[in-house]
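Structure first, commentary second.
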Amino acid sequence: MKKTLAIAAAIMTLGSASVMAAPVNQMAANETAIGAGSKEQYLEHKITNKATLGYEHADRDEYGKDTQDVYLQYDVVGSQVKLIGGYRWKMPGDNDNAFGGVAVSTPRVMGLDAYASYVAGKDFNEVQVGLNKNILFNVDLNVNYHNTKLDGLDHHEHGVGAGLTVKF
């Protein structure tokens with residue numbers, strides 16, 4: 001496990017300095033995206049034409065925890081359908097979970113694309129829908145709604161968020 005985390009950190013460091021639910025980004029090979037939202041920060045790097053490696057940190061203070069994810073997205077149909085696999089740790093109850101899921105997005109038209117994603121692990125499931133709008137060269141505005149359900153808790157963590165993504 002320590003080797004995997006060290007390799008992921010090294011690859012992300014090559015892309016840029018370190019900076020969660022992260023928006024679904026459409027990127028070219030060797031492109032990097034750094035983003036910050038209402039309660040999350042993330043860093044992604046497209047390591048091949050089809051694979052994106054990412055790290056995400058979310059301030060889920062509703063549960064008194066800051067969750068962290070390391071994930072891989074794999075483009076299945078263009079960059080509009082992606083399979084997602086990863087590992088989330090520092091969840092409430094000190095549960096760590098491997099997870100899997102899928103994301104779909106629309107083609108970008110006039111600087112705007114919509115997306116939806118679903119991921120689930122042993123102790124949680126999470127849905128996100130959102131819009132990315134290019135506002136300046138390589139800067140996107142993201143508006144989203146997320147709903148996270150943690151097993152064993154009586155309520156969902158959900159809400160509307162906004163953030164900025166810089167791609168280079």
Side-chain angles (χ1 to χ4, degrees), residues 4 7-9 11-16 18-58 60 67-88 97-122 124-150 156-168:
T4 305
I7 290 168
I11 290 171
M12 289 183 283
T13 300
L14 291 174
S16 178
S18 294
V19 212
M20 197 174 131
V24 175
N25 290 306
Q26 296 182 34
M27 299 189 302
N30 297 313
E31 191 171 22
T32 299
I34 297 175
S38 306
K39 292 187 169 190
E40 62 274 348
Q41 305 84 40
Y42 72 94
L43 172 67
E44 295 180 335
H45 183 73
K46 190 134 187 191
I47 56 178
T48 70
N49 286 334
K50 292 191 168 275
T52 302
L53 183 63
Y55 168 79
E56 184 170 52
H57 173 268
R60 302 291 187 220
T67 61
Q68 297 180 36
D69 291 2
V70 172
Y71 56 90
L72 181 71
Q73 297 175 355
Y74 187 80
D75 297 348
V76 179
V77 178
S79 60
Q80 277 77 42
V81 179
K82 302 170 184 288
L83 295 178
I84 304 168
Y87 192 78
R88 179 173 291 180
N97 278 204
F99 62 86
V102 65
V104 295
S105 60
T106 63
R108 188 164 273 219
V109 176
M110 294 175 29
L112 182 71
D113 63 279
Y115 66 87
S117 66
Y118 175 79
V119 295
K122 183 180 80 162
F124 78 97
N125 64 67
E126 182 173 276
V127 173
Q128 181 177 220
V129 294
L131 291 170
N132 293 315
K133 171 66 174 138
N134 181 258
I135 57 174
L136 178 70
F137 302 111
N138 60 337
V139 178
D140 287 354
L141 171 67
N142 172 264
V143 178
N144 65 70
Y145 172 79
H146 75 275
N147 186 347
T148 303
K149 171 69 171 115
L150 299 173
H156 298 273
E157 202 276 344
H158 61 92
V160 175
L164 293 175
T165 300
V166 178
K167 296 178 186 175
F168 53 94

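For the pair Val139/Asn134, no side-chain contact is recorded, criterion being any heavy-atom separation below 4.5 Å from C-beta on. Side-chain contact check for Met27 versus Ser79: every heavy-atom pair is 4.5 Å or farther apart. Looking at heavy atoms from C-beta onward, Ile47 lies out of side-chain contact with Asn30 at the 4.5 angstrom threshold. Residues Thr32 and Leu43 meet the side-chain proximity criterion, which asks for heavy atoms closer than 4.5 Å. Looking at heavy atoms from C-beta onward, Gln73 lies in side-chain contact with Glu44 at the 4.5 angstrom threshold. In this structure the side chain of Glu126 never reaches within 4.5 angstrom of the side chain of His158, judged on heavy atoms.
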Taking it one step at a time, do Asn144 and Tyr115 satisfy side chain to side chain contact (heavy atoms under 4.5 Å, CB included)? CA-CA 9 Å; Asn144 65 70; Tyr115 66 87; 3.5 Å; yes

Could you give me the CA-CA distance, side-chain angles and deciding distance for Val119 and Asn125, then say whether side chain to side chain contact (heavy atoms under 4.5 Å, CB included) is met? CA-CA 6 Å; Val119 295; Asn125 64 67; over 6 Å; no

Full working for side chain to side chain contact (heavy atoms under 4.5 Å, CB included) between Lys82 and Val76: CA-CA 5 Å; Lys82 302 170 184 288; Val76 179; over 6 Å; no

Stepwise, does the side chain to side chain contact (heavy atoms under 4.5 Å, CB included) test hold for Leu53 with His45? CA-CA 5 Å; Leu53 183 63; His45 183 73; 5.5 Å; no

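Using the six-membered ring where Trp is involved, Phe99 and Phe124 have ring planes that are perpendicular, over 60° apart on the 30 and 60° scheme.
When only modelled atom types and interatomic distance are considered, Gln68 and Tyr55 share a side-chain donor-acceptor pair under 3.5 Å. Thr106 and Gln80 share no side-chain donor-acceptor pair at under 3.5 Å. Of the N and O atoms on the side chains of His146 and Glu157, at least one donor lies less than 3.5 Å from an acceptor on the other residue.
Evaluation of the side chain to side chain donor-acceptor pair (under 3.5 Å) rule for Asn97 yields Asp123 as partners, not counting sequence neighbours.
When Asn25, Thr165, Asn132 are each tested for a side chain to side chain donor-acceptor pair (under 3.5 Å) with Asn142, only one passes: Asn132.
Between the Lys133 side chain and the Met110 main chain, a donor and an acceptor come within less than 3.5 Å of each other. No donor-acceptor pair under 3.5 Å is formed between the side chain of Lys167 and the backbone N or O of Ala28. Side-chain atoms of Gln128 come within 3.5 Å of backbone atoms of Ala22 as a donor-acceptor pair (strictly under, hydrogens ignored).
Sorted by first and then second residue, the pairs that involve residues 45-54 and meet salt bridge (Lys or Arg N to Asp or Glu O under 4.0 Å), not counting sequence neighbours, are Lys46-Asp75.
Minimum interatomic distance between Pro107 and Asp113 (heavy atoms only, all atoms of both residues): O-CB, 4.1 Å.
In this structure, CZ on Phe168 lies 4.0 Å from CD1 on Ile34, to the nearest 0.5 angstrom.
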